[in-house]
Amino acid sequence: MPPLLNRLNDAAKRKLHSLQDYFILAWNALRFIFARPFYGGDLVQQMDAIGVQSLGIVLLTGFFTGMVLALQSAVQLQTFGASMYMGRLVSASMIRELGPVLAGLMVAGRVGSGIAAQLGSMKVTEQIDALNTLGTDPIKKLVTPRVLASLIMLPTLTIINDFVGIVGGNLIAQFYLDVPTSLYWRTVWEQIASDGFLFRFIPNDFVQGLTKPLVFGAVISITACFFGLNTSGGTEGVGVSTTRTVVTSSILILVLDYFLTQLLLSLLVAP
Amino acid sequence: MSDRDRGAPADPNASTDPDTSADPVDVAEGRERRADDIIRRRQEERVRTAIKDELSKDDTGDERPRPEDPGPLRGALIELERVDLAFDRPILEDVSFAAFPGETLVIVGESGTGKSTTLKLILRLLQPDNGRVYVKGKDIAPLSFTEALDVRQQMGMVFQSAALFDSMTVFENVAYPLREHTDLSDDEIEARVKEKLEFVDLAPDEVIEKLPAELSGGMKKRVGIARGMANNAEIMLYDEPTSGLDPLTTGTITRLIMKLQRELNVTSIVVSHDIRSAFRMATHIALLADRTIRFFGTPEEMAASDDRYIRDFLGGF
Ligand SMILES: Nc1ncnc2c1ncn2[C@@H]1O[C@H](COP(=O)(O)OP(=O)(O)OP(=O)(O)O)[C@@H](O)[C@H]1O
Ligand SMILES: [Mg+2]
């Protein structure tokens, strides 16, 4: 029995240690955004890899999600004679929930795995050691540009995702429910306005819809860099890190989404 | 093959050893000795000469030699002092050696005995469990991360696997340390990169634009050497610089390391399996076996050793 307890104790300690390492990495990555030297070239390259190259899948998923959302709701709305509320329904769902979460999950799958694989293979081929040896801090050179690029690109992608989703809903509303486009977009705006404003100008829906991707962007990139930099065990280890990154960041996105929603609702609605 | 092709016509059982740091009596006895003893002898020797130097000069001498103190060896550029290191099992136990300015220390040993690990300890890519690593007389363990980066910049490292950045071209790889830490102009950087590539027998114009994935194994290795040397570091660490290279290139690299030592007084620590080139370039050889330094001495001392393991290790050579 004691040996078993010992083992459990050790395992718990290791877990806590790596959790601590995770937060140290996160802290350093964010701190170095304001530190010299700043690797601007790497930032631009990562913004391209993370943002621009994810545009295709984000457009595709957003558009079809908006359409299917509208299609599923069309029957119900028609039954209650509420077809003209289609715009409200689609925009509320896309902006608050589906846009951020879907963009997050797609980026976790596409970009998170890519970052983990790249940093992981750099680790197992001693390139990280080489960076250290050449006097470069790998966190400054590799992690910070990726985290910053994600912080910028994920909200951007989410906005695009929201927009094409709402456009997708528009198509369904027009062709299945004969809701005119002008009415559809008016109800979209009504929905956004009905939720109140932060500082009189920023719709609360937007606050919610953009805080989430910011957090998701940080979570995805830091998780990917963490697993990538802690890769061990050759090419097989790279595969393990990649899988762990996608699984962990997807779960974190879904769990954090709940808590963020709760937090933001209480903050935004209360006063 | 058994013919000794060293430059110096050293006879294996000669009792008049030309090397000053060796005690001729012991060499004549040719008995196996512990690395510790050798280091201690060398330490005493160095301290003696240091005292002499100190007395002959009459500057203020901020630091008196303290032979009893288990601090850094006076004058040593790199020193490991009773280092232990374990991963899931012990790898190094009680490892001590030192390299003085201008020396070429070759570390030999069987595969998996911890030679690469030793180099990583010197670079503080790993920290010892016990013992100390001194670079230029300073313990590197308590340094902050940024300070450690500064210390590493004084050293050039050639990795066993070359460790080229695979997202960068050959040019960018070799230029990397220059761009990071010097304010050389683009022209100067280009000239330096080409010079270093020529040093390792690569035609700059052919390889400069290539990505590491487009190079052969030996070419990668040589680019790795060029990058390690790029910022003219005074300490060079080579992890098997000649493995996987043809005999001609091996000769070139060996001569290159010797040339750096002779002309620029570069201190080198070379991990090598190639006993032949080790004997050519080494001022001292350390044999790593059973987790510790089994032998430390000059090539002549090693060749003269009666130790069964050393004889086996040297094989037919
Ligand atoms: N990161 C690590 N984690 C666990 N064990 C390691 C690690 N790095 C090295 N080892 C172990 O340490 C031992 C020494 O490794 P090292 O790479 O220093 O050997 P080496 O002497 O350079 O061998 P070779 O001549 O084959 O390159 C090996 O047994 C290896 O299994
Ligand atoms: Mg090795």
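When reading the values below, keep in mind they use all heavy atoms of this one structure, side chains included, and skip hydrogens, waters and symmetry mates. So you know, we letter chains A, B, ... as the sequences are listed, proteins then strands, and number each from 1.
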Worksheet item: Looking at B:Arg124, B:Arg227, B:Gln160, which makes the most heavy-atom pairs under 4.5 Å with chain A?
Response: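 Heavy-atom pair counts peak at B:Arg227.
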Worksheet entry | Reported OG1-to-CG distance for the pair A:Thr133 and B:Leu119, which is rounded to 0.5 angstrom |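 A:Thr133 atom OG1 to B:Leu119 atom CG measures 10.0 Å (nearest 0.5 Å).
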Fill in: Rounded distance (nearest 0.5 Å) linking atom CG of A:Asp129 with atom CZ of B:Phe159
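Interatomic distance, A:Asp129 CG to B:Phe159 CZ, rounded to 0.5 Å: 5.0 Å.
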Under 6.0 Å from the [atom1] atom of [X], do we count more than 12 heavy atoms belonging to anything else shown?
| X | atom1 | result |
| --- | --- | --- |
| B:Asp183 | CG | no |
| B:Glu214 | CD | yes |
| A:Phe38 | CZ | yes |
| B:Glu206 | CD | no |
| A:Phe23 | CZ | no |

Relative to chain B, which segment of [X] carries a heavy atom at a distance below 4.5 Å: side chain, backbone, both, or neither?
| X | value |
| --- | --- |
| A:Thr136 | both |
| A:Lys140 | neither |
| A:Ile128 | neither |

Fill in: Exercise: identify the closest heavy-atom pair between A:Ala130 and B:Ala163
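What the structure gives for the nearest pair is CB-O, 3.8 Å.
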Fill in: Shortest non-hydrogen contact between B:Phe165 and A:Gln127, atoms and distance
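B:Phe165 and A:Gln127 have their closest heavy atoms at CA-OE1, 3.2 Å.
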For [X], is it the side chain, the backbone, both or neither that has a heavy atom under 4.5 Å from a heavy atom of chain A?
| X | answer |
| --- | --- |
| B:Tyr176 | side chain |
| B:Leu164 | backbone |
| B:Asp166 | both |

Item to complete: Applying side-chain contact (heavy atoms from CB on, under 4.5 Å), run through B:Met157 and A:Leu134 and close with a yes or a no.
Response: CA-CA 8 Å; B:Met157 167 80 179; A:Leu134 295 172; over 6 Å; no
Discussion item. I want to check something: taking the side chain as every heavy atom from C-beta on, are B:Arg152 and A:Asn132 in contact at a cut-off of under 4.5 Å?
Written reply: yes
Discussion item. Applying side-chain contact (heavy atoms from CB on, under 4.5 Å) to A:Glu126 and B:Lys120, what does each step give before you reach the verdict?
Written reply: CA-CA 11 Å; A:Glu126 297 183 309; B:Lys120 288 186 180 165; 2.9 Å; yes
